[in-house]
Chemist: 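Pasting a structure here, questions to come.
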Amino acid sequence: MQDCNHQEDNHQDEWSLETLAIRAGHQRTFEQEHAEPIFPTSSFVYESAAEAARKFGGQEPGNVYSRFTNPTVHTFERRLAALEGGERCVATSSGMSAILSTALALLSAGDEIVASRSLFGSTVSLFDKYLGKLGITTRYVELSNISAWEAAITPNTRLLFAETPSNPLSEIADISALAALAKRHGALLAIDNCFLTPALQQPLALGADLVIHSATKYLDGQGRAIGGAVVGSHALLEEVFGVVRTCGPCLSPFNAWIFTKGLETLSLRMNAHCENALTLARWLDAHPAVTQVFYSGLQDHPQHDLAKQQQKGFGAVLGFEVKGGQEGAWQVIDATRMLSITGNLGDVKTTITHPATTTHGRQKAAAGIAPGLIRVAVGLESQEDIQRDLARGLDALAAH
């Protein structure tokens, strides 16, 4: 039986996403290993000076230096590209370095970005503080308002950038509409897909030009490593690769191996995350201490139908507001004994945080983050245990 990842097999498009997540990208060495190997080496050797010259000069394919050519990293890149339906993937040292590398590759002084105001705080800092130093301007708009996106575009706009669903209010962008808008104005559309992963959403199939990942989140799934990736066409990714090669924000072989193994269970994990999150969202929606739940899986969510249309699931991240503002939110968080109080997400362990004073502290007003909002990234523990842990604080809050 031949694996679908053999070099001689040109029929990967016949395989399902679940199969690609396990088989794609691995090209066996002469050792005929079954599991993907790790190549923890900084450099590679050659049979002759002539061979070294050909490989350094690009006349012959092969490994040169692990900053930009490493077999383990290539395996992860090929596998993720296959899952996203992209021609190529470039892996990076973190999700933020994936965004930075994309911007440095494709934008110049005087260019403009139009972005959702519901972005990760570090992304906003990158756009405003650091890209701003280079003469690149960013305008922020409401994620779901296509008219606002169009109104913000100028002749200098080169990139539209969005996270969907948004963090932590679960707003949904119409990716197909944004893609058509970008194309009409000669701009590129980049979608941060780390909340849903290709198991639940494939932005390239909906017209996006680039997909950004913090592999740290669900691609790993167990909170073990930091990494990022950009997926898209060969032409666009060649420029991104040039930045990684020259500037050096590369992914380590060991972290690439962790992410590759994480992809093997991606579909199983994301389906289980979604099931747990929807159950919890419904439970929270009925709790007397909760004033509002933000989760696109709930039927009363304003973009529930759009989410069903472009997603295979609703994801694992939800927000909910409680009575009592910040004091009430902190009371609920501090009463937990099992949930992890941390700003990270994408883990099998359920995490809980107060966005207004942590992850979204700098842009809470613009992003609509209320003092009483709590974010939960629902893990894979027993649903009964998750509810019981949250109930300690919520029940006490409701009793006041």
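Quick note: numbers below take in every heavy atom, side chains included, and nothing from hydrogens, waters or symmetry partners.
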Chemist: Which atom names give the shortest non-hydrogen contact between L318 and A277, and what distance separates them?
Modeler: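 Smallest heavy-atom distance, with atoms named: CD2-O, 3.6 Å.
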Chemist: Does L83 reach the side chain of T197, with side-chain heavy atoms less than 4.5 Å apart?
Modeler: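 Contact flag for L83/T197 side chains = no.
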Chemist: Hydrogens and angles aside, do E384 and S382 bring a side-chain donor and acceptor to less than 3.5 Å of each other?
Modeler: yes
Chemist: Answer yes or no: does atom CH2 of W330 have more than 12 heavy-atom neighbours from other residues, nucleotides or ligands under 6.0 Å?
Modeler: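 At most 12 heavy atoms, drawn from other residues, nucleotides or ligands, come within 6.0 Å of this atom.
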Chemist: With a 4.5 Å heavy-atom cut-off, do L390 and I352 have their side chains touching?
Modeler: yes
Chemist: Could you tell me which residues satisfy side-chain hydrogen bond (donor to acceptor under 3.5 Å, both in side chains) with S166, sequence neighbours excluded, listed by chain and number?
Modeler: E171
Chemist: Mind checking whether R282 and L298 have side chains closer than 4.5 Å, heavy atoms only?
Modeler: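 R282 vs L298: side chains touch.
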Chemist: Using distance alone, with no hydrogens and no angle criterion, decide if E275 and T279 have a side-chain donor and acceptor under 3.5 Å apart.
Modeler: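 No, T279 and E275 have no side-chain donor paired with an acceptor closer than 3.5 Å.
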Chemist: Could you tell me whether a side-chain N or O of E84 sits under 3.5 Å from a main-chain N or O of V231, the two making a donor and an acceptor?
Modeler: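 Not a single qualifying donor-acceptor pair exists.
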Chemist: Got a sec, which pairs hit ring-ring contact (aromatic ring centres under 6.0 Å, His included) with one end in residues 187-245, sequence neighbours left out?
Modeler: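 Matches after skipping sequence neighbours: Y218-H273.
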Chemist: Among E33, R78, R79, whose side-chain hydrogen bond (donor to acceptor under 3.5 Å, both in side chains) with H26 holds?
Modeler: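 So, applying the side-chain hydrogen bond (donor to acceptor under 3.5 Å, both in side chains) to H26 and each of E33, R78, R79, only E33 qualifies.
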Chemist: Any ring-ring contact (aromatic ring centres under 6.0 Å, His included) involving residues 154-180? Give me the pairs, sequence neighbours left out, ordered by first then second residue.
Modeler: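 Only F127-F161 qualify under ring-ring contact (aromatic ring centres under 6.0 Å, His included).
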Chemist: Which atom names give the shortest non-hydrogen contact between C89 and A229, and what distance separates them?
Modeler: SG-CB, 3.8 Å
Chemist: Side chains of I175 and T164, heavy atoms from C-beta outward: is any pair under 4.5 Å?
Modeler: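 Yes, at least one pair of side-chain atoms sits under 4.5 Å.
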Chemist: State, with a plain yes or no, whether a side-chain heavy atom of S296 is found less than 4.5 Å away from one of H304.
Modeler: no
Chemist: Return yes if some donor-acceptor pair links the side-chain N/O of W257 with the main-chain N/O of E36 below 3.5 Å, else return no.
Modeler: yes
Chemist: Near K308 NZ, under 6.0 Å, is it more than 12 heavy atoms from other residues, nucleotides or ligands?
Modeler: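 Not buried by this count: 12 neighbours or fewer within 6.0 Å.
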Chemist: Atom OH of Y65 and atom CZ of R245: how far apart are they, to the nearest 0.5 Å?
Modeler: 12.0 Å
Chemist: Under 4.0 Å between a Lys/Arg side-chain N and an Asp/Glu carboxylate O for D395 and R392?
Modeler: no
Chemist: Going by heavy atoms in the side chains, are Q311 and L196 under 4.5 Å from each other?
Modeler: yes
Chemist: Taking the side chain as everything from C-beta on, heavy atoms only, tell me whether N156 gets closer than 4.5 Å to T137.
Modeler: no
Chemist: Kindly assign one of parallel, tilted or perpendicular to the pair F314 and Y295, based on the angle between their ring planes and the thresholds 30° and 60°.
Modeler: perpendicular
Chemist: Identify the two heavy atoms, one from A256 and one from F76, that lie closest to each other, and give their separation to 0.1 Å.
Modeler: O-CB, 3.8 Å
Chemist: Judged by modelled atom types alone, do Q331 and E327 share a side-chain donor-acceptor pair under 3.5 Å?
Modeler: no
Chemist: Do R117's NZ or CZ and the ring of Y140 fall within the cation-pi criteria of under 6.0 Å and 45°?
Modeler: no
Chemist: Verify whether one side chain among S97 and S101 offers a donor that lies under 3.5 Å from an acceptor in the other.
Modeler: no
Chemist: How close do L159 and A190 get, counting heavy atoms only, and between which atoms?
Modeler: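 Answer, listing the atom of L159 first, then A190: CD1-CB, 4.0 Å.
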Chemist: May I ask you to decide whether K55 forms a salt bridge with E51, counting only side-chain N to carboxylate O separations under 4.0 Å?
Modeler: yes
Chemist: Rounded to the nearest 0.5 Å, how far does OG1 of T72 lie from CD1 of I258?
Modeler: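 Those atoms lie 11.5 Å apart.
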Chemist: Could you check T353 against T358 for side-chain hydrogen bond (donor to acceptor under 3.5 Å, both in side chains), going step by step and ending with a plain yes or no?
Modeler: CA-CA 7 Å; T353 193; T358 58; 3.0 Å; yes
Chemist: Give a yes or no answer on whether the side chain of N63 reaches the backbone of F44 with a donor-acceptor pair at less than 3.5 Å.
Modeler: no
Chemist: Got a donor-acceptor contact below 3.5 angstrom from the R337 side chain to the D334 backbone?
Modeler: no
Chemist: How far apart are the closest heavy atoms of S116 and L119, and which atoms are they?
Modeler: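 Answer, listing the atom of S116 first, then L119: O-CG, 3.0 Å.
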Chemist: When rounded to the nearest 0.5 angstrom, what is the spacing between CD in E239 and CG in L107?
Modeler: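 Reported to 0.5 Å precision, the distance equals 11.5 Å.
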Chemist: With H74, which residues qualify under ring pair (Phe, Tyr, Trp, His ring centres under 6.0 Å), at least two apart?
Modeler: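 Here no residue qualifies.
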Chemist: With a 3.5 Å cut-off and no angle check, do the side chains of Q303 and S144 form a donor-acceptor pair?
Modeler: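 The answer is yes; a qualifying pair exists.
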Chemist: Where the side chain of H287 meets the backbone of A398, is there a donor-acceptor pair that is under 3.5 Å apart?
Modeler: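 Between the backbone of A398 and the side chain of H287 there is no qualifying donor-acceptor contact (under 3.5 Å).
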Chemist: To the nearest 0.5 Å, what is the distance between CG on L100 and CG on L131?
Modeler: 7.0 Å
Chemist: Check for a donor-acceptor pair, side chain of S94 on one end and backbone N or O of I226 on the other, with a separation under 3.5 Å.
Modeler: no
Chemist: Any donor-acceptor pair under 3.5 Å linking the side-chain atoms of T260 with those of T75?
Modeler: no
Chemist: Is it the case that the side chain of K323 and the backbone of L394 share a donor-acceptor pair, with hydrogens and angles ignored and the cut-off at 3.5 Å?
Modeler: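 Side chain of K323 to backbone of L394: no pair is present.
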Chemist: Not counting sequence neighbours, list each pair that qualifies as a salt bridge (Lys or Arg N to Asp or Glu O under 4.0 Å) and has a residue in residues 131-140.
Modeler: E112-R139
Chemist: Without swapping roles, check the side chain of T350 against the backbone of G379 for a donor-acceptor pair under 3.5 Å.
Modeler: yes
Chemist: Does anything in residues 379-400 form a ring-ring contact (aromatic ring centres under 6.0 Å, His included)? List the pairs, not counting sequence neighbours.
Modeler: none
Chemist: Quick check for you: to the nearest 0.5 Å, what is the distance between S267 atom OG and E18 atom CD?
Modeler: 4.0 Å
Chemist: Which atoms form the tightest heavy-atom contact between N193 and P203, and what is the distance?
Modeler: ND2-CD, 3.6 Å
Chemist: Would you say the side-chain atoms of T351 pair up with the backbone N or O of N344, donor to acceptor, closer than 3.5 Å?
Modeler: yes
Chemist: Using modelled atom types and a 3.5 Å cut-off, is there a donor and acceptor pairing between side-chain atoms of Q310 and backbone atoms of A173?
Modeler: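 Checking the backbone N and O of A173 against the side chain of Q310, a donor-acceptor pair under 3.5 Å is found.
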Chemist: Mind checking whether R158 and I113 have side chains closer than 4.5 Å, heavy atoms only?
Modeler: no
Chemist: Above 12 or not: heavy atoms from other molecules or residues under 6.0 Å from CD of Q59?
Modeler: yes
